[in-house]
Amino acid sequence: MELSVLRHSCSHIMAMAVKELWPDVHLAIGPSIEDGFYYDFDKKEPFSDDDLAKIEQKMLEIIRKDEPFVREELKRKDALELFGRLGETYKTALINEIPDESVSIYKTGSDFVDLCRGPHIESSGKIKAFKLLSLAGAYWHGIETNPMLQRIYGTCFESQKELDDYLSDLEQAKLRDHRKLGPALELYDLYQDEAGPGLVFYHPKGAMVRKLIEDYEKEEHLKRGYKMVITPHIMQAGLWQKSGHYDFYKENMYTFKIEEKEFVLKPMNCPGHILIYKSKIRSYRELPVRFFELGTVYRHEKAGVLHGLLRVRGFTQDDAHVFCLPAQLKSEIRAIIDFVFSTMKVFGFDSMDIELSTRPEKSIGSDDDWRQATGGLEESLKELGLKYDINEGDGAFYGPKIDIKLKDALKRSWQCATIQCDFALPKRFNLTYVDADGKEKQPIMLHRVLLGSVERFIACLTEHYAGAFPLWLAPVQAVIIPLKEAQIEYAAQVKQALDENFIRTEVDSRNETLDRKIREAEMSKAPYILVLGGREQKAGTVSVRKRKAGDQGSVPLQEFIANLKLQIAHREH
RNA sequence: GCUGGAGUAGCUCAGUCGGUAGAGCACGUCCUUGGUAAGGACGGGGUCACGGGUUCAAUUCCCGUCUCCAGCUCCA
């Protein structure tokens, strides 16, 4: 049986339980979703956490009674009459949205009836393992201006074991939460009360991780023919009016006045790159022009959407803009996709999903431009033989985009890379190049990020690795532990030798027991621990303890260094 | 922004049915010199998120604000 059918039926049973407990509650919708199901209710008093237990109890009773799910077809006017009589106004609203002349309903037990397409399980007794998970508010039909309903989330599996595994996965994910791990590992933190919400502070270790990411990116962009640029953090409002961002996102932009002139804290890097492109006459010979910037931008996101490093108000994009000839469009897109894949591989991600997002309702540019832009993206994907889903109407206001979502160690999806094809801004800013025939023509502009926001990507990495970064990314690659005071001097020598080889170390010379220092070094997730006792000192060796693998015995210092340098050079995982 | 929940030491939390607070870890000092995941003793540390109100007295009750959490909506 389909899991979604089981879950959908379970949501009916939940609705039935709620109706038995609170008869005046009105039902909205209750579908199955990726990890379970929910049902939206209209109830005056809010549900409490205790109510969840009560509802579960009632559901168990219904399941024990093994009530059949009975399907009936009704003429729409009969259905309207039925749900009207029951006072289920959300159901009558739904019926009015269904074009068909007849609709189906499902009856369970003596009183419960729900408008539903089905299918369902035969009877409630088929539910073997379920759990209600959480309460939330949700707008009717998901529209912000509609009344808010109360949603109960739950999940259901075919066996108790699968349910237990799912719940334990949730626990695992919680343990990896970057909002806990980041501060605990002294990587980064936010100081909401003092600095304001959504602003990230990198502590030394987090700043090191970021430096390593940035080093990789700069090196790789230069290798792939990008030129680095740097643009200011504030620019006059007129520039944003011209680009269209001002009209679309004014509410989310930080604006202020200086000497009567309005300025904007940059929320995007594109206008800056456009100005640089426009700084001189461009020949078709020099295209494609590729500008790369680690551009820090500020967006005034609504308070309720902020989330750790995933959704912040100040962040840095690994942003690039490619200005190219129409004939170069597809090869440039393919090159970017290749860049995304190779970058993700370097950071330890193997699995990715691709989505193509098309023209949204509110947008700029002509139909023809949109057709060409979307076609360019789609054909490139096809040429590369990549599978993708279409996300209708989810493009940027100036162009369609390819989103590449990576899957982490817990198979969770993260939106990072995006490639946007833009005919609109080149037109708005009157970008040109001189073609072979001497005529001025308009280049196509590609916007793209690989990691997206560096902040977001660091959060993703933190959760993917559960804080145990691979050697090349680890902020501290080895913790050096002198066994006794007599080895502090030797520890300093070892540290210096490692320093000279650009291996990042810390010496723990505190007056603590070896066990404690090892415990703390392990908890800091350092890839290596070097224990230095009298034996090592005498022999010029280091006793190597590898993260997760444990004690590896003693090796000569130079051998250890050579081994690490090799691993780091290959960016091994 | 919306719905619901929450804010007590650096962290995890207890507590006060109104009389200005406590544990473990962390931190400091001393003792201990330990061979691969927590040695011992003592000690310092709090405007109980912030602002107002009620009260002889507010961390506790009331109102407002801020921030966080679970979602919804949004994400150039």
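Reminder, nothing fancy here: chain letters follow the sequence lines and each chain counts from 1.
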Using OP1 and OP2 only, check whether a side-chain N or O of [X] sits under 4.0 Å from [N].
X	N	answer
A/Arg516	B/rA37	no
A/Tyr298	B/rC75	no
A/Lys401	B/rA76	yes

Rounding to an integer number of Å, can you tell me how far [X] [atom1] sits from [N] [atom2]?
X	N	atom1	atom2	value
A/Glu194	B/rG10	CD	C1'	12 Å
A/Asn269	B/rA76	CG	P	15 Å
A/Leu190	B/rC66	CG	C1'	16 Å
A/Leu310	B/rG71	CG	P	12 Å
A/Phe397	B/rC74	CZ	P	18 Å
A/His203	B/rG10	NE2	P	14 Å
A/Leu135	B/rG71	CG	P	12 Å
A/Gln552	B/rG35	CD	P	20 Å

**RNA chain B stem ranges, 3 or more consecutive Watson-Crick or G-U pairs under 3.5 angstrom** = B:1-7 with B:66-72, B:10-13 with B:22-25, B:27-31 with B:39-43, B:49-53 with B:61-65
Side chain of [X], base of [N]: donor and acceptor closer than 3.5 Å?
X	N	result
A/Arg151	B/rA70	no
A/Glu536	B/rG35	yes
A/Tyr38	B/rG71	no
A/Arg311	B/rC74	yes

When the aromatic ring centroids of [X] and [Y] are compared, is their separation below 6.0 Å?
X	Y	answer
A/Tyr188	A/Phe201	no
A/Phe429	A/Tyr277	no
A/Phe47	A/Trp22	yes
A/His321	A/Phe291	no
A/His245	A/Phe397	yes
A/His233	A/Tyr298	no

Among [options], find the nucleotide with the atom closest to the side chain of [X].
X	options	answer
A/Gln420	B/rA76, B/rC2, B/rA70	B/rA76
A/Lys484	B/rG34, B/rU73, B/rC11	B/rG34
A/Arg535	B/rC75, B/rA38, B/rG35	B/rG35
A/Thr513	B/rC75, B/rG39, B/rG1	B/rG39
A/Arg545	B/rA37, B/rC74, B/rG35	B/rA37
A/Arg179	B/rC72, B/rC69, B/rU73	B/rC69
A/Met148	B/rA76, B/rG71, B/rU73	B/rG71
A/Val305	B/rA70, B/rA38, B/rU73	B/rU73
A/Leu306	B/rA26, B/rC74, B/rC68	B/rC68
A/His307	B/rG35, B/rA76, B/rA70	B/rA70

Sugar-phosphate, base or nothing in reach of [X], heavy atoms under 4.0 Å:
X	value
A/Glu485	base
A/Gly142	sugar-phosphate
A/Asn252	base
A/Pro197	sugar-phosphate
A/Lys180	sugar-phosphate
A/Asp193	sugar-phosphate
A/Gly244	nothing
A/Phe47	nothing
A/Phe248	nothing

**Message:** Applying ring pair (Phe, Tyr, Trp, His ring centres under 6.0 Å) to A/Phe339 and A/His221, what does each step give before you reach the verdict?
**Reply:** CA-CA 9 Å; A/Phe339 198 173; A/His221 276 86; 4.7 Å; yes
**Prompt:** Do A/Phe41 and A/Tyr39 pass the ring pair (Phe, Tyr, Trp, His ring centres under 6.0 Å) test, and can you show the C-alpha distance, the side-chain angles, and the key distance before you say yes or no?
**Reply:** CA-CA 6 Å; A/Phe41 302 98; A/Tyr39 213 112; 5.2 Å; yes
Whole-Å [atom1] distance, [N] and [M]:
N	M	atom1	value
B/rC11	B/rA26	C1'	7 Å
B/rU60	B/rU54	C1'	13 Å
B/rG5	B/rA38	C1'	35 Å
B/rU3	B/rA14	P	28 Å
B/rA23	B/rG43	P	11 Å
B/rC69	B/rG34	P	47 Å
B/rU16	B/rG52	P	27 Å
B/rG64	B/rG1	P	16 Å

**Asked** For A/Gly395 and A/Tyr153, take the nucleotide of RNA chain B holding the closest heavy atom to each; which residue's nucleotide lies nearer the 5' end?
**Response** A/Tyr153
**Prompt:** Given that A/Lys517 and A/Ile143 both sit by RNA chain B, which one's nearest nucleotide is further toward the 5' end?
**Reply:** A/Lys517
**Fill in**
Residues A/Cys421 and A/Leu329: closest non-hydrogen pair is SG-CD1, 3.9 Å
**Asked** On the ring face of A/Phe37, is A/Arg7 found with NZ or CZ under 6.0 Å from the centre and within 45° of the axis?
**Response** no
**Prompt:** Quick one: do the A/Lys495 and A/Thr505 side chains pair a donor with an acceptor below 3.5 Å?
**Reply:** yes
**Request:** Answer with yes or no whether the side chains of A/Trp414 and A/Asp408 bring together a donor and an acceptor at under 3.5 Å.
**Result:** yes
**A/Tyr249 aromatic ring stacked with six-membered ring of B/rA76, 5.5 Å and 30°** = yes
